[in-house]
Structures are given as structure tokens and as C-alpha cells.
There are 2 protein chains.
Amino acid sequence: MISDTRVLPINRGLASEIVTRLTTAILSGQLGPGERLREEELADALGVSRGPLREAFTQLERQGLVVLHRNRGAYVARLSCEDVDEVYSLRLALEPLAMQRAMQFVTTDQLAELQVIVDRMATYGTGMTEQEAAQDDLMFHDVIYQASKHQRLYECWTNLRPQIHIMLLTRNVANPDFRYYAPRGHTELLDVLKSKDEAHAIAVVQEHLRIAYDRVLSSYPSQKTRD
Amino acid sequence: MISDTRVLPINRGLASEIVTRLTTAILSGQLGPGERLREEELADALGVSRGPLREAFTQLERQGLVVLHRNRGAYVARLSCEDVDEVYSLRLALEPLAMQRAMQFVTTDQLAELQVIVDRMATYGTGMTEQEAAQDDLMFHDVIYQASKHQRLYECWTNLRPQIHIMLLTRNVANPDFRYYAPRGHTELLDVLKSKDEAHAIAVVQEHLRIAYDRVLSSYPSQKTRD
DNA sequence: AACATTACAACTGTTAACAATACACACCAA
DNA sequence: TTGGTGTGTATTGTTAACAGTTGTAATGTT
């Protein structure tokens, strides 16, 4: 029976397909911050019409990867210091709730999934792409949000995730030492998730995020506002 | 000079206009829970084409007022007990952050605006529509979210607000006594907002929301899942 | 009963043409 | 110079008709 989370990302609809394509392009740097995205040109390049592309644009705007100017076009977002602050302060409000509920609803399968990720993190230091490390980090937290069984909360996380992805990549460039923190930090999170001490779990989550926030912010030389 | 928040709701784009129309229709009960919304039919009725209507549908889905079934159509959402739980647990995570930041950034204009609302609440008991009471309640909290100077947080609130609106209306039917709580509760919120005691303010917000949650939930006879 | 087939209804995607918008730039007046 | 006014142009916003796809349910077969 196929019911694994790994097979889910099969896109429904053309717009979603475009979203993942553009997301990949932005995260990989093929589309740089501030770059203009012209509807007609992009539609031609992707081999789709403007309708689905416009729908993709609005999704990407919700996820903070693209900024839309009415009648002026779409631009790849440029994350400012304030954006980092917003993303992390919001995450700091959301993730304790996720953890609290995940402690209630998490399945053994999900715990195993988390363990796999943590184990892989423990092997960091050997050949490890920043992209892979960032994806592991995001996937760990994604599983927790999934485990929280809270649709609306998961949606919030979905909108934040691509922006956090960018920040993780930015951070890793400036802080190669995260490889040593990642396994320890996430092991601790997994431990408290398995515990029954809700208050302690929330405290650990907050501490974890505050550390991440400090690291990211320290490597952000206060850029200008978005395009 | 016209730069008042009251004149802002001038919609940009046709889709937004459709959203407010449909929102009004749903909140007023003209479109009942579970009712089907056929694209072509509705587009004709509204005098618009399918493009903007589809865009409006996706916005309404984000706001939890409409549920979309791929290739099967759109339906007015039917809020279940679990939905109430999700909305209020999420709000309980968001609003303390809003309050905390609002304490930092709130302007005297915004404080005055809040005072006006609270004063109007104090006159409840005389002729007062449920719709008006609900709007005052929402507007009070809206100002706080605005004052928090946090785009992403405000977006979350924007998506939650219509659902809370529905719940307020549902609640008010079953709990006419809220007219006595509303002025007191919101006066207290305004007081702590003006204070410098962050921890106390957060506690008051949480207490306020828990009371609201209890009242709403008590009048929800556990319906089935959404359409 | 279990499964493949079919028909249908509705949504999804495409296209091309037209309308509306916002910025830029030149122009003019003070 | 400064500030307002008008016009132009590129680009998005909107429409409408058509073609393609999907999921459902009825139908038929084993």
C-alpha cells in the first residue's frame, strides 16, 4: 500500500506545478532577489498560458517568495531584516502550539521519520550540501507541524517555510558551524516531543528557535525593503 | 486630507470586490452552509467572468468560508467543532504576539480608535444588531493586529477573521449575555495595552480568548465535517 | 459481489483580443 | 528650480469561447 508522505508532492493542477518550478528556481538562485518576472515572457518560457501562471504568482506571493505590484509586474522577493524578524517572531508563536499538539497526536511512524532525519544530521561534517542540510531541518519541523493535526496551523507553516528555507541557506553560508548544532538541537526536540512535559517542551522549542533566529539575523546585514 | 483607515476598503482588483460581496452574502446567511457555488452561474449572476471569480474562490478558501473540491466545485464552508477548535487555538497563539508588539508600536490615534469602540460597546443593551456587535468586536482586535506592525501576522488574522465572524454570530444567538461582557472585557484589554506590563497583558489576552472560545464552543452542537 | 467500461457534468487550461492602469516623460506655469 | 498637468506606452487585468481533463455514478461483465 502506498501511503507515504514521500509520494504526496504530486502536484494537483498546473499552477502548483509552476509554483514548485519557480520555488526551485528562486531557492537555487537561478532567479535572484529583485528580479523581474514578466507574465508573457515567463508563460512562454514555461510553456503555459498566463492564467495558471498568474495563479502561481499569487501563491508565491503568499509564501513571500514573490512580490506583486498591481499593474507593474511581479518581482522575486528581497528579504529584509524586518522580514527575518517577522518570520521568526511568527514562527516563535506558532511552533510551540505545533509542539504541544504534536505531543498529543504524533504517531510512531512520525517518530520514526523524525529519528531518521536526526540520524542523518548526526553524519553531517562529511560531504553535505547546504541545500540538503536545509531540507533536513525543514523536513524535521514539517513532520512536527503535520503531527499537530491542525490544518490552519499547517497552512501558516506552509507559507513561512519557503522564506525560512531562504534564510537557512543564507545563514549556512555565514555559519558553517551549524552542522554541529543541528543534530544536538533536533535530538533534544525529538526527546521532549516524546516526553510528557508540555511546559518543558515549549521552552525547548522557544530556545531552539531563538538560537536559529540569532544565527540568521547575525548574518543579515540589514538590507533594504522588498521590491 | 483623506488618510483614514475607514476609507481603505476600496478594493483593488475585481477579485477582491467579489470576495467582499460573497463574504457579505455568506455572513448574512444569503448563502447557507454547504450551499453549492457553480462557477458559471455565479459569474453570470455577479456580472463578471470566470477568471476573477476563480481567484476570489481561492481567497475565500484561504479564509475558510468556501471549500473547493478539485473538479467538483465550490461549496460554502460548514464550520465543524474541530474548525472552532483550530481557529481559537491558532488565535490563542497569534494574539499574544499581536498584543505584545502593539504595546510597543500602538499610536495615539489607534488608542483613540479603540476607545471609541469600547465606548460604543458600553451602550450595548439598547438597540444593537448582532452584526454590529460582532463587527465592533472584530474591529477592536483588528486595530490591535494593525498596531502590531507585523504584515505576516496581520495576514494570518485576516484569514481567521471571517471564520471568527461566523462564530461570533453563531455564539450571539445562543448567548445574549455577551453584551455585558463585551464592554468590560475589551476595556480591560485596552487598559493592559496602555500599561507596560507585558506578561500581564499576554495573560489578559489569553484569558479573554479562552472565555470567547468557551462561549462559542458551548453553542456548537458538534456538527459534521465540512462539505 | 468485484471489477472494468461508459457517459456525463463540471471544472481546468488555453488562447486571443480588448480594457484599464500606472509610471515616465515632456511640457508648461510660477 | 519647482510643481503641476497631460500624454504615451508598456504591462497587467479582464473577458469569452473553445478544448482538455477529472471524478462520479450508472452500466455492464465476470
Side-chain angles (χ1 to χ4, degrees), chain A residues 1-3 7-23 26 31 34-63 65-78 224-227, chain B residues 1-3 7-22 26 31-32 34-63 65-78 224-227:
Chain A
M1 181 187 297
I2 300 178
S3 66
V7 296
L8 278 179
I10 296 169
N11 287 309
R12 297 132 125 86
L14 190 48
S16 297
E17 177 63 33
I18 299 171
V19 166
T20 61
R21 289 264 198 103
L22 291 180
T23 298
I26 293 173
L31 294 174
E35 190 159 336
R36 175 144 196 205
L37 305 172
R38 288 191 35 240
E39 270 191 12
E40 213 174 321
E41 184 184 308
L42 240 186
D44 286 348
L46 291 170
V48 299
S49 61
R50 283 173 56 208
L53 180 59
R54 281 169 60 81
E55 199 179 323
F57 276 169
T58 69
Q59 284 187 48
L60 287 166
E61 188 189 34
R62 266 212 315 287
Q63 300 186 346
L65 291 183
V66 158
V67 184
L68 300 179
H69 293 282
R70 185 175 173 76
N71 292 316
R72 290 305 295 165
Y75 298 81
V76 177
R78 191 189 297 279
K224 289 284 162 114
T225 176
R226 322 154 153 201
D227 283 18
Chain B
M1 181 188 295
I2 300 177
S3 65
V7 295
L8 279 179
I10 295 168
N11 287 309
R12 297 132 126 90
L14 191 47
S16 297
E17 177 62 34
I18 300 172
V19 166
T20 60
R21 290 265 199 102
L22 291 180
I26 292 173
L31 294 173
E35 190 160 335
R36 175 139 197 208
L37 304 173
R38 289 192 33 246
E39 269 190 12
E40 213 174 319
E41 185 183 306
L42 241 186
D44 286 348
L46 291 169
V48 299
S49 62
R50 283 172 48 216
L53 181 59
R54 280 170 59 83
E55 201 179 322
F57 275 170
T58 69
Q59 284 188 47
L60 288 166
E61 189 189 34
R62 266 213 314 289
Q63 301 186 347
L65 291 183
V66 158
V67 184
L68 301 179
H69 292 282
R70 184 175 175 74
N71 292 318
R72 292 309 295 166
Y75 297 82
V76 177
R78 191 189 295 279
K224 288 288 162 116
T225 177
R226 320 153 153 201
D227 283 17

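- Crowding of B/Arg36 atom CZ: a count of heavy atoms from other residues, nucleotides or ligands under 6.0 Å exceeding 12.
- Computed from coordinates, the A/Asp44 CG to C/dT14 C1' distance equals 13 Å when rounded to whole Å.
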Can you give one letter per nucleotide of nucleotides 8-15 of chain D, 5' to 3': B if a protein heavy atom sits under 4.0 Å from the base, S if only from the sugar-phosphate, - if neither? ---SBBBB
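- As a whole-Å value, the separation of A/Leu46 CG from C/dT14 C1' is 15 Å.
- Atoms CD and CG, from B/Glu39 and B/Asp44 in turn, are 11.5 Å apart once rounded to the nearest 0.5 Å.
- Nearest heavy atom pair, residue A/Phe57 against residue A/Val66, reads O-CG1, 4.5 Å.
- Shown here for A/Gly34 and A/Arg78, the closest heavy-atom pair between the two residues is CA-NH2, 3.6 Å.
- For the atom pair B/Leu37 CG and B/Ile26 CD1, the distance stands at 6.5 Å (nearest 0.5 Å).
- Here the C1' atom of nucleotide C/dA10 and the CG atom of B/Leu68 are 13 Å apart, to the nearest Å.
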